[in-house]
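Below, chain A is the first sequence line, B the second, and so on; all start at residue 1. Just the heavy atoms: all of them, side chains too, but no hydrogens, waters or symmetry mates, feed the values below.
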Amino acid sequence: HVAEQLTPVLPDGPREENLQLMSELKDSSGSCAVDVSTVWWEAAGCRELRVVTASESSVSLWEPLTHNHWGKVYTWQLREIPVIQIIPLPDSCNLVCVALGELEIGEIRILLYSSETDSFKHSLVKTGNIKAVVGLKEQRLVSSSRTLQEQQVEMVSLSGTGGSKDRQTLMPPKETVTAFAEVEGMKEALVGTTAANSIVVWNLRTGQLLRKTHVGYSYPASICHRAYSDSGLLFVVLSHPHAEESESCGNTAFHVVAFNPSSGRSRGVMCSCLPPGSPLLMPPCPCRYLEGDVWDTAGAAVLTSGAVVVWDLLWGRCVAVLPPSPTGHWALTRWAMAGAGLRAGQRDGPVRLYRY
Amino acid sequence: CSESDLGPISLNWFEELSAEAPP
């Protein structure tokens, strides 16, 4: 019913062919997916992109077989603390990073294959009351953790064997950091957002906090996903999972904000919103952004209606929709590395791989 | 965005802010 209404309501953007279903991961264990990701994996001299799926108690590695079929290679069992999310490490190989905890992240572990012992294993990287974490290029992991007295922001460089080679403390802002985003085009810069709705920028080499700027209340409860450096400006992609619908922007999933680090001034340049009157906004109302992911200039989000919507963030244009399927609502969506498409999962159902 | 909106833009902002910020 929803699918039938999409085409006339969203006439200028989303077309079915923008997302092409390639395959479905059939998990015989019946466990509910909490996250999906991709990882470079090298075995027998062959380096390929593999899929990683996580349930609350296990993480599975899938390899491509013939005819768009995927087979499970190995499952790490993590029964003591629930898995919350997979943390992508953009250019690492044979390493999977996961966050575990109850309501908040309590520990971060690396899952890997050890050729020395010819076995799969996992090792602890960090524990604490972890508020935000991001994986960066060159096997670096940045996290913020909080005690009653203070906040710690730390970058860990991971070794190929899952240990930590080096730890660098970054200067924390006063407010709690809610998210980090790597800066495309600047290896040593890192962007973050705070609970008080500020954007912060660090120098990862020195640990200095270079700038903190409040982005205003037009964009409440901002979470940064990605940043791009261009012509002396940072273009930061934000989402607002806890925001109410605003009169100025309607039902917004993503904002692109231009931020001038030199002056500390910022300005919104593009909104990616749901078109008013979309059936995606119909009951269960109010339909809002739940969670999302950004790759290159494409943003994908799961809405409370159970649909996945994809936007071209540069134009603020909705370009593809996956309506809730008869078997259930979409619960998570992630871009694969290297432009390998979109992954979408249902809470009690399969994970599907789409070409975009 | 015009320069008047966002203030003076510097292509070397990262180096300049790193030189000014507390270590």
Side-chain angles (χ1 to χ4, degrees), chain A residues 153 168-174 182-192 198-216 218-219 227-237 255-271 314 316, chain B:
Chain A
V153 182
Q168 157 91 49
T169 301
L170 310 184
M171 184 176 282
K174 282 183 183 158
E182 69 171 335
V183 181
E184 195 69 41
M186 292 190 76
K187 185 188 138 196
E188 300 299 345
L190 179 70
V191 161
S198 292
I199 292 179
V200 282
V201 183
W202 287 275
N203 180 332
L204 286 174
R205 191 166 32 81
T206 62
Q208 289 166 293
L209 197 162
L210 300 181
R211 179 68 79 184
K212 189 184 86 174
T213 300
H214 195 260
V215 290
S218 319
Y219 317 107
Y228 312 89
S229 170
D230 190 14
S231 308
L233 295 174
L234 288 176
F235 293 87
V236 185
V237 181
H255 271 121
V256 180
V257 173
F259 173 58
N260 180 358
S262 290
S263 66
R265 292 190 202 168
S266 65
R267 184 188 171 193
V269 290
M270 189 53 71
C271 266
L314 289 184
Chain B
C1 301
S2 65
E3 186 162 303
S4 59
D5 284 320
L6 293 167
I9 292 168
S10 168
L11 295 178
N12 298 317
W13 64 267
F14 189 76
E15 292 73 20
E16 290 165 6
L17 291 179
S18 297
E20 293 167 10

Could you measure the distance from the [atom1] atom of [X] to the [atom2] atom of [Y]? Nearest 0.5 Å is fine.
X	Y	atom1	atom2	result
A:S263	B:W13	OG	CH2	12.0 Å
A:R205	B:S18	CZ	OG	6.5 Å
B:E15	A:N203	CD	CG	9.0 Å

Would you name the heavy atoms of [X] and [Y] that are closest together and state the gap between them?
X	Y	value
B:F14	A:W202	CE1-O, 4.0 Å
B:L11	A:S231	CD2-C, 3.4 Å
A:P261	B:L17	O-CD1, 3.5 Å

>> Please check: side-chain N/O of A:S262 versus main-chain N/O of B:I9, any donor-acceptor pairing under 3.5 Å?
In response: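 Not a single qualifying donor-acceptor pair exists.
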>> Looking at A:N260 and B:L6, would you say the former's side chain and the latter's main chain have a donor-acceptor pair under 3.5 Å?
In response: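 Side chain of A:N260 to backbone of B:L6: a pair is present.
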> Is there a side-chain contact between B:D5 and A:R265 (heavy atoms, below 4.5 Å)?
Replying inline: no
> In terms of heavy-atom pairs under 4.5 Å with chain B, which of A:M171, A:R211, A:M186 leads?
Replying inline: A:M186
